[in-house]
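Worksheet: one structure, shown below.
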Amino acid sequence: MRHWLIKSEPEVFSIRDLARVKVTGWEGVRNYLARNFMRDLMAPGELALFYHSNAEPSGVAGVARVHGEAVPDPTQFQKKSEYFDPTSLRSGPRWMMRHFEFVERFPALVPLATLRADPALRGMALLQKGQRLSVQEVSAAHFAHVVALGRATRPR
DNA sequence: GCCAACGTTGGC
DNA sequence: GCCAACGTTGGC
């Protein structure tokens, strides 16, 4: 059982949006390592921290669950999509994605600064300098710690 | 809006 | 196969 962190810009798609639509395809990932995590390593039912990037502040907003098996990202075949990939073939799609299901939204976001200041989260990939990966693996201990921080937040 | 860090592309 | 140039991510 692995644990994950998935990033989204809340102005594009937030934890509120996921709570509303319940399940969404994680479209538009165009990084090979992130794709490999979704395609090869995720298993249905595994949990992911839902991270708001490029936000004020950025931070972890809640939890989502891997829903179903890897499927081709439909946007790679859509000419009008910003994620269109003319070199990807329907007979062998380059970009695979998962669906994610809403699990919980924390009372308030756990800001990145809070995560950085917490010695229990030392070594977490998200906190490494220069890392920008939009799908990351998180250790079980770090995952549980962040969820505890999130559940302890007060609504604001 | 700036810019550091990173991944990808393409010339050679 | 190297590496400079370029585009993107994402914190600040």
*Describe the nucleic acid contact of A:Arg116 in one word from base, sugar-phosphate, nothing, applying a heavy-atom distance below 4.0 Å.*
sugar-phosphate

*Do A:Val110 and A:Leu115 come within less than 4.5 Å of each other through their side chains, counting heavy atoms only?*
yes

*Using a distance-only test with no angle check, is there a side-chain donor-acceptor pair under 3.5 angstrom linking A:Thr75 and A:Glu27?*
no

*Can you name the residues that form a salt bridge (charged side-chain N to carboxylate O under 4.0 Å, His left out) with A:Arg132, not counting sequence neighbours?*
none

*Could you tell me from which nucleotide to which nucleotide of DNA chain B, 5' to 3', there is an atom under 4.0 Å from chain A heavy atoms?*
B:dA5 to B:dT8

*asked:* Both A:Asn54 and A:Gln131 contact DNA chain B. Taking the nearest nucleotide for each, which residue is further toward the 5' end?
replied: A:Asn54

*Identify, between A:Tyr32 and A:Lys129, the residue whose nearest nucleotide on DNA chain B lies closer to the 5' end.*
A:Lys129

*asked:* Does atom CZ (A:Arg16) have a neighbourhood of more than 12 heavy atoms from anything else shown, all under 6.0 Å?
replied: no

*Only one of A:Arg35, A:Arg94, A:Arg98, A:Arg30 passes salt bridge (Lys or Arg N to Asp or Glu O under 4.0 Å) with A:Asp73; say which it is.*
A:Arg30

